[in-house]
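Chain identifiers are assigned alphabetically (A, B, ...) following the order of the sequence lines, protein sequences preceding nucleic acid strands; residue numbering begins at 1 within each chain. Model, not experiment: these values are computed from the prediction.
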2 protein chains.
Amino acid sequence: MARIKDIAARAGVSVGTVDRVIHSRGSVAKEVEKKVKEAIEELGYKPNLAARSLAKRTDHRIAVVLPQHTKDEFWGNQTQGILRALDSCKNFGLRGDILSFNDQKKGELLKLTDSIFDGSYEALLIAPTVTGEATELMDRCESSGMPYVQINSFIERDGDSSLGYVGQDSYRSGQLGAKLLDFGISKGDQLGLLHMEYDVENSNHLVDKEAGFRNYLQHHGHHYTIYKRLSDIDDLKKIRYQINELLEEQPKLKGLFITTSRVHLICETLRMLNRDDIALVGFDIVKENIRALHNYKKLFLINQNPSLQGFYGVMRLFDHFLKNKSVTETMHLPLDIVTLENVSNHQYMQDRDNIALDKNEYD
Amino acid sequence: MARIKDIAARAGVSVGTVDRVIHSRGSVAKEVEKKVKEAIEELGYKPNLAARSLAKRTDHRIAVVLPQHTKDEFWGNQTQGILRALDSCKNFGLRGDILSFNDQKKGELLKLTDSIFDGSYEALLIAPTVTGEATELMDRCESSGMPYVQINSFIERDGDSSLGYVGQDSYRSGQLGAKLLDFGISKGDQLGLLHMEYDVENSNHLVDKEAGFRNYLQHHGHHYTIYKRLSDIDDLKKIRYQINELLEEQPKLKGLFITTSRVHLICETLRMLNRDDIALVGFDIVKENIRALHNYKKLFLINQNPSLQGFYGVMRLFDHFLKNKSVTETMHLPLDIVTLENVSNHQYMQDRDNIALDKNEYD
DNA sequence: TATGATATTGTGTGCGTACACACAAAAATT
DNA sequence: AATTTTTGTGTGTACGCACACAATATCATA
């Protein structure tokens with residue numbers, strides 16, 4: 001393994017010069033720089049990350065901005081992945097704080113602005129679920145030259161500070177849901193899509209899911225599909241009432257695509273109505289949905305790998321700071337189809353994205 | 001972050017003594033050892049891996065034993081994952097060589113014995129597809145105290161040197177295939193299982209897949225299922241002949257579970273026979289199967305995450321050597337259901353298990 | 001030619017750990 | 001009592017790199 005010292009010898013200069021070339025610190029004569037770069041090339045030099053992070057005196061601190069978790073699920077999978085990645089990076093000079101905000105209230109995200117930009121952070125990892133406010137934050141990043149990575153939701157923008165997006169491909173998840181339901185029903189049966197969220201228009205991912213769903217069905221001869229929003233999405237009785245109405249109107253309905261993790265409520269409802277012949281596709285491996293998998297045979301969950309989103313999001317910043325490598329491409333994580341038969345493996349993976357990250361001998 | 005030096009100060013000893021305690025090198029008075037351990041506890045000391053691997057003069061070398069790849073797919077996904085993991089570990093003192101063997105011929109695996117045990121390797125990562133010979137190798141590991149990790153196939157054994165298994169859960173994949181097919185057919189339709197491999201009995205994973213498949217169907221009222229082995233699995237004409245025969249015998253057959261990656265041959269056959277109404281479930285994201293996804297609508301692939309198997313297998317050895325942490329539990333990777341709609345994400349992931357492992361600035 | 005300014009290059013130190021070695025004190029042996 | 005041996009402990013160096021600083025070369029100007 002070639003070291004800086006070897007490069008220096010090869011190029012006939014000192015390690016200091018090589019260092020300046022590697023880090024573009026300037027003050028190097030052009031022909032010398034060329035010689036050094038050739039030496040680097042010829043010897044196939046790759047910096048030793050262990051040594052590099054050891055030699056760096058200062059940590060890189062990043063602010064992680066996430067929506068608050070609901071009480072009953074305090075450690076969201078997203079957070080888990082982030083914490084694990086941070087844990088594995090801490091020996092290599094990357095540290096992060098999680099700043100959470102209430103995404104149901106306006107203005108809560110922007111309240112974090114001061115903390116984020118008070119000088120203690122070098123980068124931002126953000127789940128921009130609240131489009132407007134998140135955009136403001138990212139603009140501020142641009143103007144102050146602070147790199148940022150988006151996870152979970154994506155707001156298209158092209159600034160120099162952007163380090164891209166790591167997250168799900170909602171459009172494809174819509175297609176996937178359509179394919180599954182299409183596969184599971186018989187000729188002549190009808191399909192439907194159900195939004196269970198308050199503010200659908202302002203949630204990019206819901207809009208995209210619907211678009212993907214429509215796209216698939218249009219290309220596969222389903223022209224009479226039902227698209228609906230539940231007005232009340234928490235109260236089981238009201239849900240039952242609405243669903244019952246829907247089923248009476250649409251006797252041929254045999255498959256429903258629920259665009260959020262609330263699908264377990266529909267499982268419960270349909271079981272009460274004795275209509276568990278209806279195939280369901282919903283989202284996310286959460287407690288209630290896992291339970292639903294046990295009770296409801298025709299249920300598939302699409303898992304968006306939340307913990308990997310967090311994990312790779314952090315890793316992108318790791319690459320940026322520790323490897324001098326800035327990835328900006330979109331990284332779409334796999335969409336997993338989860339059933340009772342494979343849910344255990346997925347749970348396991350969510351617990352431990354990387355065994356290398358596990359607590360070590362002195363934990 | 002507490003360092004060894006801090007522990008030493010706290011315990012009133014020198015760093016050398018702390019080092020001896022941490023690594024159980026002996027020559028430490030009992031009461032001193034206790035004091036040091038307390039200090040470690042109180043300060044929450046965690047070794048700095050960067051410094052550790054930098055200070056270690058010697059690399060840990062591991063032998064990776066894999067079946068040869070076929071010509072047209074030289075870099076198996078398995079190998080990819082392993083190479084990536086090795087690449088990311090090389091700065092941290094873990095190196096490995098891949099030793100491959102022809103698993104179609106008897107005795108080929110054992111020919112590697114001398115190379116493995118010639119003293120250049122400290123550990124073994126093995127895909128024990130050939131049960132008998134692999135067992136012999138692992139026994140040798142036990143008697144020489146060399147740790148080993150199994151990937152891909154699992155041979156149950158309990159020796160002190162075993163670092164467990166990282167791989168698929170074949171039984172569950174059989175259940176999963178059954179569930180999918182069951183979901184996709186109508187009442188009264190028939191299902192079947194097709195082995196496309198020469199030596200089914202000696203392939204644990206095929207036996208397990210069949211068992212899982214049977215299990216699911218038995219519990220869901222399918223009592224007339226067809227189980228079959230193709231005698232010729234390479235020649236398309238002969239396959240067509242056999243399949244044609246099968247379909248004539250079983251007019252109600254509407255779904256087939258293919259236990260190997262050769263499912264694309266069945267797709268082709270069924271298309272020629274104009275019978276693409278038959279739902280198919282097969283294994284693995286290989287070129288031919290990806291193509292098949294485009295041509296054959298009712299096809300699902302089960303992905304066993306081969307590259308993650310390799311990745312985590314190596315990481316286990318990383319933990320063992322660099323973190324003094326030995327995991328021995330079985331790690332079953334997620335079984336992904338892959339369709340045309342989500343295959344791109346999976347391909348992407350196979351290309352880059354971890355962006356942290358990507359080639360860096362001087363590649 | 002001397003002087004200073006600037007551009008370029010070299011040197012030294014420390015990051016946290018592992019490990020070889022030196023050394024002192026205590027114990028065992030003569 | 002003198003010696004060897006054992007046991008316990010501390011010290012110093014190196015790993016590869018980043019960075020501060022020292023040193024030297026180059027050049028324009030007086």
> 5'-most contact on DNA chain D: A:A51 or B:V32, nearest heavy atom basis?
Replying inline: B:V32

> OP1, OP2 of C:dC19 versus side-chain N and O of B:H23: anything below 4.0 Å?
Replying inline: no

>> Once you apply a heavy-atom cut-off of 4.0 Å, does B:N48 come out as touching a base, just sugar-phosphate, or nothing?
In response: sugar-phosphate

>> Measuring to OP1 and OP2 of D:dA18, would you say a side-chain N or O of A:R52 lies under 4.0 angstrom away?
In response: yes

>> Would you say B:R57 places a side-chain N or O within less than 4.0 Å of OP1 or OP2 belonging to D:dC15?
In response: no

>> Would B:R3 pass as a cation-pi partner of B:Y45, given that its NZ or CZ must be under 6.0 Å from the six-membered ring centre and within 45 degrees of the axis?
In response: no

> Minimum heavy-atom separation for A:M1 to B:R95, with atom names?
Replying inline: CG-NH2, 3.9 Å

> Would you say A:K34 and A:K30 make side-chain contact, with heavy atoms under 4.5 Å?
Replying inline: no

> Among C:dA18, D:dC17, C:dT11, which is the nearest nucleotide to the side chain of B:R25?
Replying inline: C:dA18

> Under 6.0 Å between ring centres, would you say that holds for B:F92 and A:F92?
Replying inline: yes

>> With a 4.0 Å cutoff (strictly under), does any side-chain N or O of A:T17 reach OP1 or OP2 of C:dG10?
In response: yes

> Hey, which of these two, B:K56 or A:V13, hits DNA chain C nearer its 5' end, going by closest nucleotide?
Replying inline: A:V13

> Any side-chain N or O of A:S14 under 4.0 Å from OP1/OP2 of C:dT9?
Replying inline: no

> Taking A:Q150 for the side chain and A:V166 for the main chain, is one N or O donor matched with an acceptor at less than 3.5 Å?
Replying inline: no

> Starting at the 5' end of DNA chain D and moving along, which residue's nearest nucleotide shows up first, A:M1 or A:G16?
Replying inline: A:M1

> Among D:dG16, D:dA18, D:dG8, which nucleotide sits nearest the side chain of B:S27?
Replying inline: D:dG8

> To the nearest Å, how far apart are A:F92 CZ and D:dG16 C1'?
Replying inline: 14 Å

> Within the modelled atom types, does a donor on one side and an acceptor on the other bring the side chain of A:R20 and the base of C:dG10 under 3.5 Å apart?
Replying inline: yes

> Quick one: which of D:dC17, C:dT17, D:dT9 gets closest to the side chain of B:A29?
Replying inline: D:dT9

